[in-house]
Number of protein chains: 2
Amino acid sequence: MKNKYKDESALLKAIAHPMRLKIIELLLLELPTEGCSVNAIQKKLTIPQSTISQHLQILKNKGIIDGSKTGTRVCYRVIDKRAAKILKILKP
Amino acid sequence: MKNKYKDESALLKAIAHPMRLKIIELLLLELPTEGCSVNAIQKKLTIPQSTISQHLQILKNKGIIDGSKTGTRVCYRVIDKRAAKILKILKP
DNA sequence: TTGTATTATTTATATATTTAAATAAAGCGG
DNA sequence: CCGCTTTATTTAAATATATAAATAATACAA
């Protein structure tokens with residue numbers, strides 16, 4: 001049977017968290033001017049680094065973001081178009 | 001502080017379930033020809049009535065759907081435009 | 001009124017998610 | 001090499017979610 005919405009719900013579930021929505025917003029909007037590193041994200045939010053890394057891994061595992069490492073830093077960016085579209089619907 | 005994404009994540013979380021996505025799809029697409037009652041929904045899916053009712057209450061509590069009762073039946077319909085838009089993004 | 005159909009709620013259990021601290025790993029500067 | 005910075009992972013505990021059975025509530029029909 002088709003139309004089981006398994007993948008789709010997994011995508012939504014990964015996005016459906018206040019912190020992760022905020023992270024996606026940061027990566028979409030402030031990535032050009034400010035940084036895209038974990039550290040840059042952490043400076044914006046007020047939560048421990050490990051928590052941020054964990055959220056980033058959740059997003060990465062679903063293919064919503066991707067990270068490119070240079071030195072010790074990792075620059076994350078949003079690669080799933082649907083995530084960006086959904087964010088625009090939520091905050092038009 | 002603004003932009004906490006609390007409401008937005010609650011909306012997504014309510015939608016982020018295979019069964020609930022399917023229910024929303026049914027209500028959006030088959031509501032004209034087929035029925036919009038809990039029973040009509042149950043005939044499409046293969047899960048117990050109580051489970052469907054519970055999913056419907058979750059969607060209703062977030063204002064995603066609304067139900068109008070006539071007799072013993074309740075006709076549900078999607079009232080949140082964002083939910084419909086998100087579904088269209090997921091299944092274009 | 002009695003029974004039947006439809007939907008909602010309660011209860012219990014299993015599973016998943018969230019969080020932060022602690023620790024590990026990996027690269028760079030001195 | 002040593003210490004520092006940056007990021008990831010593991011662990012444990014708290015909280016939330018999902019599921020189905022059982023039960024309740026309601027309206028209608030006979």
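A, B, ... follow the sequence lines: proteins, then strands. Residue 1 opens every chain. Keep in mind it's a predicted model, so treat the numbers as computed, not measured.
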**OP:** Respond yes when some side-chain nitrogen or oxygen of N39(A) is under 4.0 Å from OP1 or OP2 of dT5(D), and no when none is.
**Re:** no
**OP:** Could you tell me the separation between the CG atom of L59(A) and the P atom of dT7(D), rounded to a whole number of Å?
**Re:** 16 Å
Original post:
Roughly how far, to the nearest 0.5 Å, is the CG atom of L21(A) from the CD atom of E8(B)?
Top reply: 7.0 Å
Subject >> S50(B) (side chain) and dA21(D) (base): donor-acceptor pair under 3.5 Å >> reply: yes
Original post:
If you pin Q49(A) and M19(A) to their nearest nucleotides in DNA chain C, which one's is more 5'?
Top reply: M19(A)
Original post:
Between L45(A) (CG) and dT19(C) (C1'), how many Å, whole number?
Top reply: 15 Å
Original post:
Taking OH from Y5(A) and C1' from dA18(D), how many angstroms apart are they, rounded to a whole number?
Top reply: 20 Å
Original post:
Within the pair R20(A) and dT18(C), is there a side-chain N or O less than 4.0 Å away from OP1 or OP2?
Top reply: yes
Original post:
Does OP1 or OP2 of dT6(C) have a side-chain N or O of T72(B) closer than 4.0 Å?
Top reply: no
Original post:
Would you say a side-chain N or O of H17(A) is under 4.0 Å from OP1 or OP2 of dT19(C)?
Top reply: yes
**OP:** Would you mind telling me which residue lines up with the more 5' stretch of DNA chain C, L56(B) or K13(B), judged by nearest nucleotide?
**Re:** L56(B)
Original post:
Counting only side-chain N and O atoms of Y76(A), is one of them less than 4.0 Å from OP1 or OP2 of dA8(D)?
Top reply: yes
**OP:** Determine, for K44(A) against E34(A), whether the closest basic-nitrogen to carboxylate-oxygen distance falls under 4.0 angstrom.
**Re:** yes
Subject >> Nearest-Å distance for atom pair CD1/C1', residues I41(B) and dA5(C) >> reply: 16 Å
Original post:
Atom CD1 in I86(B), atom CZ in R82(A): separation rounded to 0.5 Å?
Top reply: 12.5 Å
Original post:
With respect to the side chain of I47(A), which nucleotide from dA20(C), dT7(D), dT7(C) is positioned closest?
Top reply: dA20(C)
Subject >> Y5(B) backbone acceptor or donor facing S9(B) side chain under 3.5 Å >> reply: yes
**OP:** May I ask you to say what Q54(A) touches in the nucleic acid, namely base, sugar-phosphate or nothing, with a heavy-atom cut-off under 4.0 Å?
**Re:** base
Original post:
Under 4.0 Å: is that the gap between some side-chain N or O of H55(A) and OP1 or OP2 of dT17(C)?
Top reply: no
Original post:
N61(A) CG to dA16(C) C1': how many Å, rounded?
Top reply: 15 Å
**OP:** Return the value, rounded to whole Å, for the distance between atom CD1 of I52(A) and atom C1' of dA20(C).
**Re:** 12 Å
Original post:
To the nearest 0.5 Å, how far apart are CG in L11(B) and CG in L12(A)?
Top reply: 9.0 Å
Original post:
dT4(C) P sits how many Å from R73(B) CZ, rounded?
Top reply: 17 Å
Original post:
Between dA21(D) atom P and Q42(B) atom CD, what is the distance in whole Å?
Top reply: 12 Å
